[in-house]
Every structure is written in structure tokens, then in C-alpha cells.
Amino acid sequence: MKYVRPLSLFHDLLKTSAINQGRLLGLDVGDKYVGLAVSDPLNKIASPLSVLLRKKSNIELMATDFQSLISELSLGGFIVGYPFDRQRSAPDAVRVKLFVDDLCRTGKLEGLKFTYWDECFTSKNVELLVKPLNLHPVHAKSIMDKFAAVGILQGYLDYVNKKMKLESAE
């Protein structure tokens, strides 16, 4: 996996043919789970996908799951939620960096590009929406993780699509 700047990832996707352009996968990395969201083929709208169990011991299995998703969904890159609003040494920021480093070390995602996107308040916003539904805690947690990933990915998509529109207007 290779880190690229947010706009570079989107520009690279646009350079490929429309058929091979690729969708994006949003990741909300938590202590126990990784919420996943996927973009539509035009990279305009994010939708919830699933939640993966996260353990240090199953990183190889997660990398294999990501390989499957890459081919099944024609993924062109990952958008990884990162807590930019806090210090870089904060536990949440370290957790995300370690997760990405561990994925890179598996060697299973070579050639895939990723970027970090601010996850500020995504989980809290989803929690406020889900809380009034009075769901079972396990079900609520799964929904919150998926929709936090949707918030991260949709924030990225809105930003890059707006930038692209401004660039084409100039």
C-alpha cells in the first residue's frame, strides 16, 4: 500500500479508463472493529458495507478480506479515517497508523493507494442518530461503525468532487 495525498488519489482514479476507474473503500478503524463503506462506481455516494473484527492476530486474514473486496468491488483505493483534530501521539491516531502499517507489512495490498481523511466527530454524529432507536448494543455498535465509515468516505467524496468541479470551471 502506498500513501498519497487526498486529491492525488482521486486524480489518479480519473486518469484511468472509465471502465477501470475503481471505487473507493472508506475505513473507520476502531479498537475492536473496522467499519467499511464503499463508494458508488462514479465515486459520488458512500454506502455502508460491513464491519470486520480487528485483532492483531488476524491482520493477515483482514488483508485477504481486503484483497477479495478489491476484486469484487473493483476498488481503486482506501480512504482511512484519521483523527486530525488531536495530537499525532494520541492513542486513536497511533491505533490507525499501526493498523495501516500492519496491513502494509502483509504485502497483500501492494500497488493499492490510500489516503487519510479527517474522521472528526463521525462516530459521535452517528451515535447521536442511532441512540434514539433503542437498538440492542451489539446491533447499534455494528451500525455505528459502518456509518462512521460512510461519514468518512462521504466527506472525502464531497470534498474531492467539489474541488474537481472548481478546477474544471477555471
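- Annotation: Y116 is not in aromatic contact with F84 [ring centroid separation under 6.0 Å not met].
- Ring pair Y159/W117 is tilted by interplanar angle, where 30° to 60° counts as tilted.
- Paired with P83 under the rule side chain to side chain contact (heavy atoms under 4.5 Å, CB included), one option of V94, V29, D118, D92 passes, and it is D92.
- In this structure, S71 and S68 approach most closely via the heavy-atom pair OG-O, 3.1 Å.
- When side chains are defined from C-beta on, I79 counts as touching I152, because their heavy atoms get closer than 4.5 Å.
- The shortest distance between side-chain heavy atoms of K163 and L7 falls below 4.5 Å.
- In this structure, R23 contributes its side chain and S39 its backbone to a donor-acceptor pair below 3.5 Å.
- Annotation for R105 and D102: closest pair NH2-OD1, 2.6 Å, computed over non-hydrogen atoms.
- For the pair K55 and L53, the tightest heavy-atom approach, listed with the atom from each and the gap, is CE-CD2, 3.8 Å.
- Under the 4.5 Å side-chain heavy-atom criterion for Ile, Leu, Val, Met, Phe, Trp and Tyr, Y3 and V80 are members of the same hydrophobic cluster.
- A chain of hydrophobic side-chain contacts below 4.5 Å, direct or via other Ile, Leu, Val, Met, Phe, Trp or Tyr residues, connects M144 to L133.
- Linking Ile, Leu, Val, Met, Phe, Trp and Tyr whenever their side-chain heavy atoms come within less than 4.5 Å puts V4 and Y156 in one cluster.
- V51 and V96 are assigned to two separate hydrophobic clusters, defined by single-linkage of ILVMFWY side chains at heavy-atom distances under 4.5 Å.
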Legend entry - Stepwise side-chain contact (heavy atoms from CB on, under 4.5 Å) check, F99 with L27: CA-CA 11 Å; F99 175 76; L27 283 72; 3.9 Å; yes

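- Across every non-hydrogen atom of G35 and A149, the tightest pair is O-CB, 3.3 Å.
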Inset, instruction - Go through the steps for T115 and F78 under the test side-chain contact (heavy atoms from CB on, under 4.5 Å), then give the verdict. - result: CA-CA 7 Å; T115 196; F78 288 178; over 6 Å; no

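- We find the CD1-SG distance between I59 and C104 to be 9.5 Å, quoted to the nearest 0.5 Å.
- Residues K113 and D12 are paired through a salt bridge, judged by an N-O separation under 4.0 Å between the basic side chain and the carboxylate.
- Atoms CD and CD, from E72 and Q67 in turn, are 11.5 Å apart once rounded to the nearest 0.5 Å.
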Inset, instruction - Given side-chain contact (heavy atoms from CB on, under 4.5 Å), test L13 with N43 step by step and report yes or no. - result: CA-CA 10 Å; L13 283 177; N43 290 313; 3.9 Å; yes

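- With values rounded to the nearest 0.5 angstrom, L25 atom CG is found 7.5 Å from L153 atom CG.
- Q154 places a side-chain N or O within donor-acceptor distance of the main-chain N or O of A46, the cut-off being under 3.5 Å.
- We find the CG-CE distance between D101 and M1 to be 9.0 Å, quoted to the nearest 0.5 Å.
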Inset, instruction - Might you work through the side-chain contact (heavy atoms from CB on, under 4.5 Å) test for F114 and K2, ending with a clear yes or no? - result: CA-CA 6 Å; F114 75 94; K2 177 184 173 194; 5.7 Å; no

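- For Y33, the OH atom counts as loosely surrounded, since its 6.0 Å shell holds 12 or fewer non-hydrogen atoms of other residues, nucleotides or ligands.
- For the pair L69 and L36, the minimum side-chain heavy-atom distance is below 4.5 Å.
- For the residue pair T64/K108, the side-chain donor-acceptor check at 3.5 Å is satisfied.
- Under a 4.0 Å N-O distance rule, the pair D31/R95 qualifies as a salt bridge.
- Here the shortest heavy-atom pairing between L109 and L103 reads CD1-CD2, 4.1 Å.
- D28 places no side-chain N or O within donor-acceptor distance of the main-chain N or O of F147, the cut-off being under 3.5 Å.
- Closest approach of P48 to K146, counting heavy atoms only: CB-CB, 3.9 Å.
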